[in-house]
Amino acid sequence: MSDVPSDAPEHCPGTQSEQAGKTSACEGCPNQKICSSGAPRAPDPAVEVIKENLALVKHKILVLSGKGGVGKSTFSANLAHGLARDVSNEVALLDVDICGPSIPRIMGLEGEQVHQSGSGWSPVYVEDNLAVMSIGFLLSGPDDAVIWRGPKKNGMIKQFLRDVDWGELDYLIVDTPPGTSDEHLSIVQYLSGAGIDGAILITTPQEISLQDVRKEIRFCQKVKLPIIGVVENMSGFVCPKCKNTSQIFPPTTGGAEKMCADLDLPLLGRIPLDPRIGRSCDEGRSFCSFCDQEPSIIQRIQDHLCRSQPDGATEEDSEAVKGTEGALN
Amino acid sequence: MDLDDDKGSLAQVNHVILVLSGKGGVGKSTMTTEIALALRHTGKKVGILDVDLCGPSIPRMLSVDMQEVHQCDAGWVPVYTDPSKSLAIMSIGFLLENPDDAVVWRGPKKNALIGQFVSDVAWGELDYLLVDTPPGTSDEHLSIVENLRKHKLDGAIIVTTPQAVSTGDVRREITFCKKTGVRILGIVENMSGFVCPYCSECSNVFSKGGGEELAKLTGSPFLGCVPLDPQLSTSIEEGKDFIKAFPESATFSAINLITQAVLANLESA
């Protein structure tokens, strides 16, 4: 993983590289000594602090996609609401899309502010058991742009994980921006101590989206992030008047189903393109009841988390988490 | 980077236009492709520079995804879509060995490549260079604006979908333009309504009117609406020239009007 500072000399090998402080590009760099000592290669001390801060978080799930606008935030919000419907679940949703935070609007929390307490930043609560954190809560207005390069974005993500008082959680869902860059590397790196259960990949049916999602799958493989499964969103549009289905975003290469078969990944489900979903996002309402696909997708995700059991919880615990019966295997 | 090389590569490029949006998946690459094709249709020489380094879509949309970039004395030779060389393209997609390879880069590496894309591509003579960008207001955007400012940058076309979730992000992009001094050529509302092919009922899948409202709110020109059109998404998927294939469609005339508005704006200035 390269980690080149923004003010580094050209051809800097990166502070994390084996070659740090030793290449010809390092000659004359004021940090050459520090780099060649190997000190920067030691893991960021924040990783340990984050591990402690998240010690009471059972499951951490990333929602990823190489492509923008495929419904990562919509799905994350939906998943959070769906899990929180079971009042015994404590759920939190963290938005690490620093430049385009959509979660506050989708959750109906625009204009909310984050409060400081003795134990850190308090997230904003939608329900008693559903907490939300986003950079949107730190901006002074809807026109405010976050024009930041990588290192500042990484610092923000670190703060979200280290300084937010998450408390005891069953699920922490992390919504990400599109791409395979700073935000993604940082979240995976910072959570390396605490451990991530896995990633859910969102795509639309077209090849133009799948080609970016395949890149994201490569990214997951590179950083050794397990993939829980793939969700195909905007899969066919049912006309509200005549009930015929149109493929607005045509699956010209077989859609997510073929990609999943090719790459041996589970397809968690398909969500149709439904104007009600978009509308409820705009209005910040929960729309689980609208979408009959959702329960089975959430069920499959919970089943997956129970099966892998990374934190050594007992079988009974997992049954309790699972809630409703009739699981799809 | 090397200031000596900087002068040559964009010297014969008349106009440079950014295509921006705070939101992903609203159709930046689709609009870039269609406006480029529409410009070519009117006899212009056009180039597309794709600075979406983590998710380059332009090569596939113009079905040049298996091409490679070659070197010449003047720098990297862009990939041309046709023998008459009326549409030139540069994208990181051409530099990857395998199309599924992920570009897992942090900011500084992305900035360095964008610097090279601006200074080292032998575009030759072009009437218009369109620059397609990734979503957001971060490294790629700052780098491309900084690098282009040394040459010329006419302004930006902003793409949004009608939903509030999208226009909310796009407002931030407009603030970015204002802060960095990039002129806004206008706002395009994409995915604006879908006409059911069975019953002709128009559904506003992603709401309606958000782009125009945003234009009013921010005092920017409104360039027009482009509907959700399966013919357009299929053309984009298969890398076909939509402008040539469906010259009678309403979508074509919408794109054409937007292109004309941009042309009028730039050529009168």
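Side-chain atoms are counted along with the backbone in the values below, which use heavy atoms only and exclude waters and symmetry mates. Since the structure is predicted, the reported quantities are computational estimates derived from the model, not experimental observations. Proteins come first, then strands; the chains are lettered A, B, ... in the order of their sequence lines, and each starts at number 1.
No donor-acceptor distance shorter than 3.5 angstrom exists from the side chain of A:Asp95 to the backbone of A:Pro104, with no hydrogens or angles considered. Without hydrogens or angle criteria, A:Ser280 side chain to A:Ile277 main chain gives a donor-acceptor distance under 3.5 Å. Distance alone, capped at 3.5 Å, is enough to place a donor-acceptor pair between the A:Thr176 side chain and the A:Val63 backbone.
Comparing A:Gly141, A:Gly136, A:Pro240, A:Pro101 by heavy-atom pairs within less than 4.5 Å of chain B, the highest count is held by A:Pro101. Of the listed residues (A:Gly278, A:Cys239, A:Gly179), the greatest number of heavy-atom pairs within a distance under 4.5 Å of chain B belongs to A:Cys239. Top candidate by heavy-atom pairs under 4.5 Å with chain B, chosen from A:Lys153, A:Lys67, A:Lys152, is A:Lys153. Ranked by non-hydrogen atom pairs under 4.5 Å with chain A, the options B:Pro134, B:Pro56, B:Gly22, B:Ser21 are led by B:Pro56. Counting heavy-atom pairs under 4.5 Å between each of A:Gly150, A:Pro142, A:Pro178 and chain B puts A:Pro142 at the top.
Contact annotation for residues 27-34 of chain B against chain A (heavy-atom separation below 4.5 Å): no residues qualify. Contacts with chain B (heavy atom to heavy atom, under 4.5 Å) involve these residues of residues 247-263 of chain A, listed by number: A:Gln247, A:Ile248, A:Phe249, A:Pro250, A:Thr252, A:Thr253.
B:Asn98 touches chain A through its side chain: at least one heavy atom from C-beta onward sits under 4.5 Å away, while N, CA, C and O do not. Proximity to chain A (any heavy atom under 4.5 Å) is shown, for B:Lys178, by neither the backbone nor the side chain.
Take A:Arg279 and apply the side-chain hydrogen bond (donor to acceptor under 3.5 Å, both in side chains) test, not counting sequence neighbours, and it matches no residue. With sequence neighbours left out, the side-chain hydrogen bond (donor to acceptor under 3.5 Å, both in side chains) criterion links A:Thr203 to A:Ser209.
Taking 4.5 Å as the limit, every side-chain heavy atom of B:Pro230 sits out of range of all side-chain heavy atoms of B:Pro197.
The nearest pair of heavy atoms linking B:Cys177 to B:Ile158 is SG-CD1, 4.0 Å.
Put simply, CD1 on A:Ile103 and SG on A:Cys281 are 8.5 Å apart, with the number rounded to the nearest 0.5 Å.
In this model, no donor atom of one side chain and acceptor atom of the other lie less than 3.5 Å apart for A:Arg105 and A:Ser73.
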